[in-house]
Structure formats: C-alpha cells, structure tokens
Chemist: 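First, the structure itself, so that you have it in front of you.
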Amino acid sequence: MSKRDYYEVLGVSQDASKDDIKKAYRKLARQYHPDVSKEENAAEKFKEVKEAYESLSDDQKRAQYDQFGHEGPQGFGGGGFGGGQDFGGFGDIFDMFFGGGGRRRDPNAPRKGADLQYTMTLEFEEAVFGKETDVQIPKEEDCETCDGSGAKPGTHPETCPHCQGSGQLNQEQNTPFGRVVNRRVCHHCQGTGNLIKDKCNTCGGDGKVTKRKTIHISIPAGIDEGQQIRVTGQGEPGENGGPAGDLFVVIQVRQHEFFQREGDHIFCEMPLTFTQAALGDEVEVPTLHGKVKLKIPEGTQTGKTFRLKEKGVPNVRGYGHGDQHVKIRVVTPSNLTDRQKELMREFNEIAGNEPTEEQHGSLFQRFKRAFKGE
C-alpha cells in the first residue's frame with residue numbers, strides 16, 4: 001500500500017514553516033494518541049503522523065523528501081553523469097550532499113530506538129507542588145519468544161543471498177553518457193540484510209510486540225503548562241543492541257477557579273465590602289500555602305494590589321518562590337434595607353456628593369480639567 005503524502009498527513013502546505021508543522025503534529029498526536037483516542041486504527045494514524053513529522057521537522061530529511069518523495073535519493077544518478085570509468089568519486093560526492101546516502105550503513109549496526117511522547121494533564125495544585133505518579137503507555141518491546149530476532153525459536157535469520165547482507169541491490173543501466181549504477185533497497189529483505197524463513201508465531205517475524213508498560217514519573221514542583229519531562233531509556237527499544245529511545249512527558253495544567261498563574265507568580269482578586277475598604281480591616285486571604293492575614297488600610301480603592309511575598313509557585317529549577325499578588329475589588333452593596341438606605345443617604349449628606357482631591361488624587365485633577373474643558 002502506497003504511503004500518503006507527508007504534507008497531506010499533517011494537513012499543511014508545502015511551504016509551511018517549522019512552527020506550523022510542529023503545531024499540526026501536536027494537534028494530531030493528541031487526537032490519535034492510543035491512550036486518548038477511541039477512533040478505529042488510532043495507533044496506525046498516530047504512527048503515520050509521527051513518521052511524517054520526523055521527516056518534515058528535519059531540514060535535511062525534508063529537503064530529500066521534497067526532491068525525491070518517499071523513495072528517497074536511491075534513484076539519483078539516472079540522468080546525465082559520466083561513464084563507469086570516471087565514477088570512482090561519485091560515492092564521495094553523494095556522501096557530501098546526502099550525509100552518507102551513497103554508502104548505506106551496515107543494516108545490522110546498532111541503532112537507537114525512537115522517542116515517545118505522552119501528554120499528562122495535572123491539577124493546578126499538582127503542578128505547583130509536584131507529585132509522584134505511574135502512567136501506562138503502549139510501547140514496543142523485544143519479543144520474549146524469539147528474543148527480538150523475529151525467527152522461530154530454534155532457528156536464526158539468514159543472510160540475504162540477493163544482497164549478501166548489504167540491504168541494497170545494484171542495478172546497472174547504460175545511458176548515452178555511459179554506464180550508471182543505481183542503488184536500491186533490496187526488496188527481498190526490505191533493506192535489513194537478513195531473511196527469516198521460519199517466522200516467530202508471537203511477533204510474526206517483526207521481533208517486536210506492543211505492550212502497555214507502567215512507568216514511574218516524578219513531577220517536579222513548579223512545572224508549568226507546555227513543559228516536558230524527559231525519562232531516559234523509556235522510549236522504543238533500540239535495534240541490533242542499540243540504546244532505547246527516551247520518553248517525553250508533555251505537561252498540561254487545568255485552570256483554577258480562584259488563582260491565576262504567570263510564571264512563578266500567583267494572581268487573585270479579593271472582594272471587600274464598602275465598609276471594609278473605607279474603614280480598613282484585617283482579612284484572611286487564601287493562598288496555595290494556607291490562609292494568610294492581610295491588613296487593609298483605610299480608604300483602600302478598587303484595583304489596589306497587595307503583594308504576599310514568597311506565597312507563589314516554587315521555581316522548577318529550585319530558585320526560590322514567586323509571590324502572590326492580591327487585587328482588591330470593592331463590591332457595591334445591593335438589595336439594601338430601608339434603614340440601610342436611610343443611613344447611606346445620611347452619610348452622603350455629611351460627606352458631600354462630590355469626590356474630594358484628598359480621596360482620589362490625580363484622578364480628581366483629571367476629572368476637573370475635563371469638566372472645565374481644559
């Protein structure tokens with residue numbers, strides 16, 4: 001079955017920027033992640049999206065894909081290069097432009113496993129104080145039946161007789177410019193250099209099986225939305241004895257009904273009655289670290305902000321704590337009783353109907369200038 005165009009898979013145009021490609025990948029990865037999605041064939045779609053992103057997010061891989069498509073640069077050279085006698089340096093030139101594509105690496109050489117990504121959603125307080133937790137993720141592991149060889153127990157993979165274990169086939173072609181040698185992936189062994197005649201019944205010859213594995217994650221205090229935790233060696237297993245990839249845990253944080261966070265600082269609004277604001281008071285303010293008493297001076301206005309030092313979020317790198325900023329909001333009384341209204345009118349007569357300069361400072365001055373048309 002032919003592969004879909006990588007740009008089509010991610011839903012971006014061919015001139016999409018790296019940021020556009022990254023945003024599209026994150027959106028689709030969340031949509032099709034096997035731990036979240038209930039769609040049919042979600043695992044296959046997630047794998048397709050991951051493969052497309054790995055190719056288009058790398059400048060060199062993207063350039064090769066734009067020029068050669070899924071086939072890669074194997075067919076390069078079918079046009080106008082010189083004859084076989086003068087082709088001794090072609091491999092070196094190919095290496096220079098395509099990073100070693102002309103001389104294929106040993107298919108049996110150790111290779112690092114692919115990295116995995118897992119999205120974890122935390123409560124607001126969990127992100128602030130950190131937590132220890134276990135997660136279950138689907139990941140490939142070496143088949144225990146065949147020890148990852150893909151061959152039925154008691155048998156072994158054999159060196160491919162068609163490519164002699166190189167994973168490539170050379171195809172000679174005579175052109176008006178001379179003889180050209182094209183290198184292509186061996187279709188007999190799919191480039192592995194080995195053939196498995198008796199396949200393992202458990203893994204079907206892949207040497208890998210998908211299992212759900214429990215992994216312990218330490219969430220550091222102060223972690224924030226969008227940050228990642230790297231768990232070394234918990235990605236896909238390596239091949240041919242290579243090291244395993246890593247697991248990257250991407251953090252999402254639920255909003256809090258009272259607190260808002262900006263970096264290491266916490267912001268909130270504190271409602272006060274008219275009397276408290278006018279006469280002053282001592283009130284209890286909720287913080288993430290417990291209740292704190294806050295002295296409200298006489299004549300406090302709406303919008304006044306108080307700072308509670310080191311009552312914010314611990315810095316994720318251990319550099320102290322942020323602060324909590326409390327913004328005052330004076331609540332206008334409503335549904336007054338007749339007696340309360342009478343007292344308010346009496347107060348208004350005593351205080352006067354006009355705001356004074358002493359009460360409102362520069363705001364009062366600006367109001368007078370606007371009233372006089374200055």
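For this chain, numbers begin at 1 and follow the sequence in order.
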Chemist: When Ile, Leu, Val, Met, Phe, Trp and Tyr are grouped by side-chain heavy atoms lying under 4.5 Å apart, directly or through other members, which residues fall in the same group as Val209?
Modeler: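 For Val209, no cluster forms, as it stays isolated from other hydrophobic side chains.
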Chemist: Which Ile, Leu, Val, Met, Phe, Trp or Tyr residues join Val330 in one cluster when any pair of side-chain heavy atoms under 4.5 Å counts as a link?
Modeler: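 Members other than Val330 - counting any ILVMFWY side chain reachable under 4.5 Å - are Met270, Leu272, Val283, Val285, Val292, Leu294, Ile296, Phe306, Leu308, Val326, Ile328.
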Chemist: Residues two or more places apart in sequence or in another chain: which of them pass side-chain contact (heavy atoms from CB on, under 4.5 Å) with Pro220?
Modeler: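 Pro220 satisfies side-chain contact (heavy atoms from CB on, under 4.5 Å) with Ile223, Ile229, Val316 only.
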Chemist: Determine whether a donor-acceptor pair (N or O, by modelled atom type, separation under 3.5 Å) exists between the side chain of Gln234 and the backbone of Leu116.
Modeler: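 Checked: no pair found.
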Chemist: Just jot down the ring pair (Phe, Tyr, Trp, His ring centres under 6.0 Å) partners of Tyr25, sequence neighbours excluded, or say none.
Modeler: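 For Tyr25 the ring pair (Phe, Tyr, Trp, His ring centres under 6.0 Å) partners, ignoring immediate neighbours, are Tyr53.
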Chemist: Take Gln340 and Leu343 through the side-chain contact (heavy atoms from CB on, under 4.5 Å) test and state the conclusion after the steps.
Modeler: CA-CA 5 Å; Gln340 288 172 329; Leu343 291 174; 5.7 Å; no
Chemist: Supply the members, apart from Phe248, of the Ile/Leu/Val/Met/Phe/Trp/Tyr cluster built from side-chain contacts under 4.5 Å; use none for a lone residue.
Modeler: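 Members other than Phe248 - counting any ILVMFWY side chain reachable under 4.5 Å - there are none.
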Chemist: How would you list, by chain and number, every residue that makes a side chain to side chain donor-acceptor pair (under 3.5 Å) with Asp58, sequence neighbours excluded?
Modeler: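 Not a single residue meets the side chain to side chain donor-acceptor pair (under 3.5 Å) criterion with Asp58.
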Chemist: Taking salt bridge (Lys or Arg N to Asp or Glu O under 4.0 Å) as the definition, give me every residue that meets it alongside Asp224, ordered by chain and number, with sequence neighbours left out.
Modeler: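 For Asp224, the residues satisfying salt bridge (Lys or Arg N to Asp or Glu O under 4.0 Å) (neighbours in sequence not counted) are Arg261.
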Chemist: What pairs of residues pass the salt bridge (Lys or Arg N to Asp or Glu O under 4.0 Å) test when at least one of them lies in residues 303-319, not counting sequence neighbours?
Modeler: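 Passing the test, one end in residues 303-319: Arg307-Asp323.
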Chemist: Yes or no on salt bridge (charged side-chain N to carboxylate O under 4.0 Å, His left out) for Glu123 and Arg254, after CA distance, side-chain angles and deciding distance?
Modeler: CA-CA 5 Å; Glu123 298 297 336; Arg254 289 193 175 97; 2.9 Å; yes
Chemist: Tell me yes or no: between the side chains of Asp19 and Ser17, is some donor less than 3.5 Å from an acceptor?
Modeler: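 No pair is found: no donor N or O on one side chain lies under 3.5 Å from an acceptor on the other.
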Chemist: Who pairs with Glu342 by salt bridge (Lys or Arg N to Asp or Glu O under 4.0 Å), at least two apart in sequence or on another chain?
Modeler: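 Once residues adjacent in sequence are excluded, the partners of Glu342 under the salt bridge (Lys or Arg N to Asp or Glu O under 4.0 Å) criterion are Arg339.
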Chemist: Checking Gln260 side chain against Phe258 main chain: does a donor-acceptor pair fall under 3.5 Å?
Modeler: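 Here the side-chain-to-backbone pair does not exist.
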Chemist: Which pairs pass ring-ring contact (aromatic ring centres under 6.0 Å, His included) with one or both residues in residues 119-144, sequence neighbours excluded?
Modeler: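 Sorted result for residues 119-144: Phe124-His256, Phe129-His289.
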Chemist: Would you mind listing the cluster partners of Phe267? Hydrophobic ones only (ILVMFWY), side-chain contacts under 4.5 Å, chaining allowed.
Modeler: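 Once heavy-atom contacts under 4.5 Å are chained together, Phe267 still belongs with nothing else.
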Chemist: Taking ring-ring contact (aromatic ring centres under 6.0 Å, His included) as the cut-off, I'd like each qualifying pair that reaches into residues 137-167, sequence neighbours left out, listed once.
Modeler: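 The answer is His162-His188.
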Chemist: Is the closest side-chain heavy-atom distance between His325 and Glu262 below 4.5 Å?
Modeler: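 Of all side-chain heavy-atom pairs linking Glu262 with His325, none is under 4.5 Å.
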Chemist: Answer yes or no: does atom CD of Glu132 have more than 12 heavy-atom neighbours from other residues, nucleotides or ligands under 6.0 Å?
Modeler: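 Yes, CD of Glu132 has more than 12 neighbouring heavy atoms, counting only those of other groups under 6.0 Å.
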